[in-house]
Trainee: 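Here it is: the structure, laid out below.
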Amino acid sequence: DICKFYLAGACRFGDDCFNVHVGDVPQTAATGARKKCDRRPGHGDEWRSGGGALDRGKKSRMKTAEDVINRIKWDQDFDETNFVIGYTDRFRGLIEEEFTKFTWEDLSTLDWDTFAIPQHRIQYFKYKNEKVWDRDSRMDLVFGSTGTTTNIRELMQNLDLSHQNTTTSED
């Protein structure tokens with residue numbers, strides 16, 4: 001079948017269209033050429049006109065708890081002993097534990113006596129009692145994925161300096 005939307009200059013699938021694109025596109029349609037649209041249902045003209053998530057008022061994508069875990073585990077500037085995790089226990093509610101108490105392997109490979117939690121239960125991460133990633137408030141200082149201007153390294157330096165100042169003033 002010939003694509004009637006192509007003939008009208010409004011086919012949003014371009015080369016991926018299941019219909020045939022033959023003939024010349026009318027000049028009026030060619031001047032208002034649109035970008036290729038996402039095929040997901042429910043997306044209106046903002047996708048066809050090339051508008052992204054921000055044009056629709058959608059929030060930027062936040063890095064996951066798994067991303068934060070991997071950063072803490074593998075970044076040499078991060079000391080795992082300084083991090084605390086707040087997670088939701090199904091029976092006891094919100095609980096805080098040290099990062100180093102957890103096993104971060106795949107849950108399906110672990111024994112019953114191994115301390116691990118599903119990552120979707122993690123609510124926040126703290127660095128020396130200061131939250132650096134919080135799911136509910138959409139705060140991400142570890143990567144800055146939510147648009148925060150504070151850098152995790154700056155925060156860590158400031159907290160370390162304030163901790164040093166309080167310990168020296170106590171002496």
Trainee: Using the ring of Phe5 (Phe, Tyr or Trp, six-membered ring only), decide whether Arg12 places NZ or CZ under 6.0 Å from its centre and within 45 degrees of its axis.
Mentor: no
Trainee: Any chain of hydrophobic side-chain contacts (each under 4.5 Å) joining Met139 to Tyr124?
Mentor: no
Trainee: Specify the closest pair of heavy atoms between Gly14 and Cys11, including all atoms of both residues, with the distance to one decimal.
Mentor: N-SG, 3.9 Å
Trainee: Tell me whether the rings of Phe102 and Tyr87 are parallel (<30°), tilted (30 to 60°) or perpendicular (>60°).
Mentor: perpendicular
Trainee: Under 4.5 Å between side-chain heavy atoms, counting indirect links through other Ile/Leu/Val/Met/Phe/Trp/Tyr residues: same cluster for Phe143 and Ile122 or not?
Mentor: yes
Trainee: Within this structure, what is the CD-CD1 distance for the pair Gln123 and Ile95, rounded to the nearest 0.5 Å?
Mentor: 11.5 Å
Trainee: Tell me, with the steps shown, if Leu141 and Asn151 meet side-chain contact (heavy atoms from CB on, under 4.5 Å).
Mentor: CA-CA 6 Å; Leu141 303 179; Asn151 183 325; over 6 Å; no
Trainee: Checking Asp140 side chain against Ser145 main chain: does a donor-acceptor pair fall under 3.5 Å?
Mentor: yes
Trainee: How about Glu98 and Phe83: do any of their side-chain heavy atoms sit closer than 4.5 Å?
Mentor: no
Trainee: Give me the atom names and distance for the closest heavy-atom approach of Ile69 to Phe125.
Mentor: CG1-CZ, 3.7 Å
Trainee: Can you tell me how far CG of Asp67 sits from CD of Gln119, rounded to the nearest 0.5 angstrom?
Mentor: 9.0 Å
Trainee: Nearest 0.5 Å, what's the OG1-NZ distance between Thr81 and Lys101?
Mentor: 13.0 Å
Trainee: Just say parallel, tilted or perpendicular for the rings of Tyr6 and His21, cut-offs at 30° and 60°.
Mentor: parallel
Trainee: Could you check whether Asp79 and Tyr127, counting side-chain N and O atoms only, form a donor-acceptor pair closer than 3.5 Å?
Mentor: no
Trainee: Has Asn129 got more than 12 heavy atoms of other residues, nucleotides or ligands less than 6.0 Å from its CG?
Mentor: no
Trainee: Are Val68 and Val84 in one and the same hydrophobic cluster, where Ile, Leu, Val, Met, Phe, Trp and Tyr link if side-chain heavy atoms are under 4.5 Å apart?
Mentor: no
Trainee: Looking at Arg138, is its backbone amide N or carbonyl O close enough to the side chain of Thr146 to form a donor-acceptor pair, meaning the two atoms are under 3.5 Å apart?
Mentor: yes
Trainee: I want to check something: taking the side chain as every heavy atom from C-beta on, are Ile85 and Lys126 in contact at a cut-off of under 4.5 Å?
Mentor: no
Trainee: Give the intermediate values and the outcome of salt bridge (Lys or Arg N to Asp or Glu O under 4.0 Å) for residues Asp89 and Arg121.
Mentor: CA-CA 7 Å; Asp89 184 86; Arg121 295 195 180 276; over 6 Å; no
Trainee: If you look at every heavy atom in Lys128 and Asp160, which pair is closest and at what distance?
Mentor: NZ-OD1, 2.6 Å
Trainee: Leu159, Leu161: one ILVMFWY side-chain cluster at the under-4.5 Å cut-off?
Mentor: no
Trainee: Should Asp75 and Arg153 be marked as a salt bridge (Lys or Arg N to Asp or Glu O under 4.0 Å) after you check the CA-CA gap, both sets of side-chain angles, and the distance that decides it?
Mentor: CA-CA 11 Å; Asp75 193 328; Arg153 296 186 197 288; 3.2 Å; yes
Trainee: Between Arg71 and Ile152, is there a side-chain heavy-atom distance shorter than 4.5 Å?
Mentor: yes
Trainee: Given Lys73 and Phe78, is the side-chain contact (heavy atoms from CB on, under 4.5 Å) satisfied, shown in steps?
Mentor: CA-CA 8 Å; Lys73 282 174 39 179; Phe78 290 11; over 6 Å; no
Trainee: Closest heavy-atom contact between Cys3 and Asn19?
Mentor: CB-CB, 3.5 Å
Trainee: Counting N and O atoms only, with roles assigned by atom type, does the side chain of Trp133 sit under 3.5 Å from a partner on the main chain of Lys63, one being a donor and the other an acceptor?
Mentor: yes
